[in-house]
Amino acid sequence: MRFGLFYELQLPRPWHDGAEHRIVHETLAQIELADRLGFDYAWAVEHHFLEEYSHCSAPEVLLGAASQRTSRIRLGHGVMVLPQQVNAAPRVAERIGMLDLLSNGRVEFGSGESGTRVELGGFGVDWDTKRAQWKEALTAVTQMLAEEPFPGFSGEHVNVPQRNVVPKPMQRPHPPLWTACSKRESLPAAAANGLGALTFSFPKPEEAHKWVSEYYDTITSPDCVPIGYAVNPQVAMTLYLSCHEDEKQARSRSLDSHRFFARSLAYYYGIGSLAPGHTDLSEELGLNISSPDNGGWASGAMDGAYGGVGTPEQIKQNLRMYEEAGVDQILLIAQSGRTSHEHICESMELFAREVMPEFHERHEALEQEKEARLRPAIEAAMARRAAVPAADPEYRIPPTVARPAKK
């Protein structure tokens, strides 16, 4: 398996002067450290108006800064929101192209539709058509990244005339494509579109096996008709991370903050009713995270989400089960609630030293075997993809200023 760090930029109240500045620069320092330690990916979300839960509203800026402080770690949008009122398709293609050039071809392009009324309502996006908007936009964006010139796109939600969208990405035909998957049924849907599955839920290993099997069954079936110009057969699943030689320390350093992550996620995606600028999530949810290391919940039961919390040996045992289930990447949430920067870095260092090596050692051989096994199915899937209409060689854009009439 490969390992990625997953960032929301959580910032629970009360907010002190400089708090947002601190979390942004701590995140960059952690990504820089992750690059040195051998982590494979750094993923940044795109969320809007989700106070405390996520202050990462401009991931393209954060990842652009990270690209200049790192050399090998891959930089992922996990995910960019594609309804047109939020991110117009040409701007998406332009930003992905620029980031791929800045990073020397290290971009992973995850996209999605968003799932909260707080966000979509803030931009005036129609809830009932958000998935259709996402699919049209992603289809158009992949064409913009790959076609020179882009022949134009006319759909129900996305309409862009013929243009040559620049700059083009370094990775051809485009960076690997992923999409957000919050439920089991989302994985076959991702596979049907030829997309990697960023699974932002926490299935236990036995459940993960079923989810992964359904994903790859679809990849190898006639149902797979890729949106993009390449298939990205990958499944990533999410775990909290807190690695320490002492199990009690691993738990007490992080579990209340991880609980804040889970409960605030449920709040925004469920029945929570935010009063913008006033709601205190910890108070509203009945949580106590007044200090970074409050261990009040550390003695509670742990479920599948906490497979990355414990000693290195405990975490390795858990990860082996996900590896056996066929999971390709683990998204590790280390930055949550009030977990301190120092403890996040210590956890990353121990995880990289004691946990990652055995999985990296096995990964290349397993990945090569998988690629060989899937190659015929992927070739068949690409053959099912509809051809993109050719650009009109006679097309001209009218001048900005009309030419004077001839006398």
Side-chain angles (χ1 to χ4, degrees), residues 46 58-61 63-64 67 75-114 123 125-126 129-180 190 192-196 224-232 378 381-401:
E46 178 187 343
E60 66 278 1
V61 179
L63 294 173
S67 75
L75 304 172
H77 279 276
V79 297
M80 190 184 293
V81 181
L82 293 194
Q84 293 302 277
Q85 293 99 315
V86 185
N87 288 301
R91 294 291 293 121
V92 172
E94 291 166 348
R95 297 202 308 258
I96 290 294
M98 181 61 76
L99 180 59
D100 206 47
L101 296 175
L102 278 173
S103 65
N104 295 312
R106 291 185 281 138
V107 170
E108 303 281 321
F109 177 28
S111 66
E113 64 203 59
S114 185
F123 286 96
V125 176
D126 177 54
T129 63
K130 64 189 181 76
R131 183 156 188 81
Q133 291 189 52
W134 161 77
K135 189 167 185 179
E136 276 194 15
L138 183 57
T139 302
V141 168
T142 58
Q143 293 177 14
M144 292 173 187
L145 291 169
E147 298 289 341
E148 191 169 349
F150 164 65
F153 188 93
S154 179
E156 185 177 352
H157 306 286
V158 178
N159 288 277
V160 183
Q162 184 169 311
R163 293 291 188 272
N164 192 28
V165 181
V166 293
K168 292 288 189 270
M170 186 171 178
Q171 297 177 89
R172 298 300 178 94
H174 48 62
L177 303 177
W178 301 74
T179 192
N193 290 310
L195 307 174
C224 180
V225 182
I227 285 182
Y229 290 65
V231 176
N232 182 34
I378 290 176
M382 292 306 302
R384 289 189 290 270
R385 183 177 181 273
V388 177
D392 179 3
E394 302 301 320
Y395 177 84
R396 294 291 184 274
I397 301 170
T400 302
V401 178

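Residue numbers run from 1 in the order of the sequence given.
- For Tyr395, there are no ring pair (Phe, Tyr, Trp, His ring centres under 6.0 Å) partners, not counting sequence neighbours.
- Using modelled atom types, no side-chain atom of Arg131 and backbone atom of Glu113 make a donor-acceptor pair closer than 3.5 Å.
- Taking both residues in full, the closest heavy atoms of Asp126 and Gln133 are given as O-NE2, 3.9 Å, listed atom of the first, atom of the second, then distance.
- The two residues Pro176 and Gln171 come nearest to each other via the heavy atoms CD-OE1, 3.5 Å.
- Nearest heavy-atom pair, Val125 versus Pro83, reported as atom, atom and distance to 0.1 Å: CG1-CB, 3.8 Å.
- Annotation: side chain of Pro169 is not in contact with side chain of Val107 (no heavy-atom distance under 4.5 Å).
- When all heavy atoms of Val231 and Pro226 are compared, the closest pair comes out as CG2-CG, 3.5 Å.
- With rounding to the nearest 0.5 Å, the separation of CZ in Arg163 from CD in Glu148 is 15.5 Å.
- Phe109 is not listed as a side-chain neighbour of His174, based on a closest heavy-atom distance of 4.5 Å or more.
- Annotation: cation-pi geometry satisfied between Arg385 and Tyr229 (NZ/CZ under 6.0 angstrom from ring centroid, within 45° of ring axis).
- No hydrogens or angles considered: nothing links the side chains of Asn232 and Glu108 as a donor-acceptor pair under 3.5 Å.
- Side-chain contact between Glu156 and Thr129: absent, with no pair of heavy atoms (C-beta onward) separated by less than 4.5 Å.
- In this structure, Phe153 and Ala140 approach most closely via the heavy-atom pair CG-CB, 3.9 Å.
- Of all the heavy atoms in Leu177 and Leu195, the pair that sits closest is CB-CD2, 3.6 Å.
- Within 6.0 Å of CE in Met98 there are 12 or fewer heavy atoms belonging to other residues, nucleotides or ligands.
- Proximity of Ile96 to Pro175: side-chain heavy atoms (C-beta onward) are separated by under 4.5 Å at one or more points.
- Heavy atoms from other residues, nucleotides or ligands lying under 6.0 Å from NZ of Lys135 number 12 at most.
- Between Cys224 and Arg384 the shortest side-chain heavy-atom distance falls below 4.5 Å.
- For the atom pair CE of Met144 and CZ of Arg91, the computed distance is 12.0 Å after rounding to the nearest 0.5 Å.
- Distance check: Glu60 CD to Arg95 CZ gives 4.0 Å after rounding to the nearest 0.5 Å.
- Side chain of Gln143 to main chain of Val388: no donor-acceptor pair is present (N/O by atom type, distance under 3.5 Å, no hydrogens or angles).
- Separation of atoms NZ (Lys168) and CZ (Phe150) is listed at 9.5 Å; rounding is to 0.5 Å.
- Taking OG of Ser67 as the start and CG of Asn104 as the end, the distance is 8.5 Å to the nearest 0.5 Å.
- With values rounded to the nearest 0.5 angstrom, Gln84 atom CD is found 9.5 Å from Asn159 atom CG.
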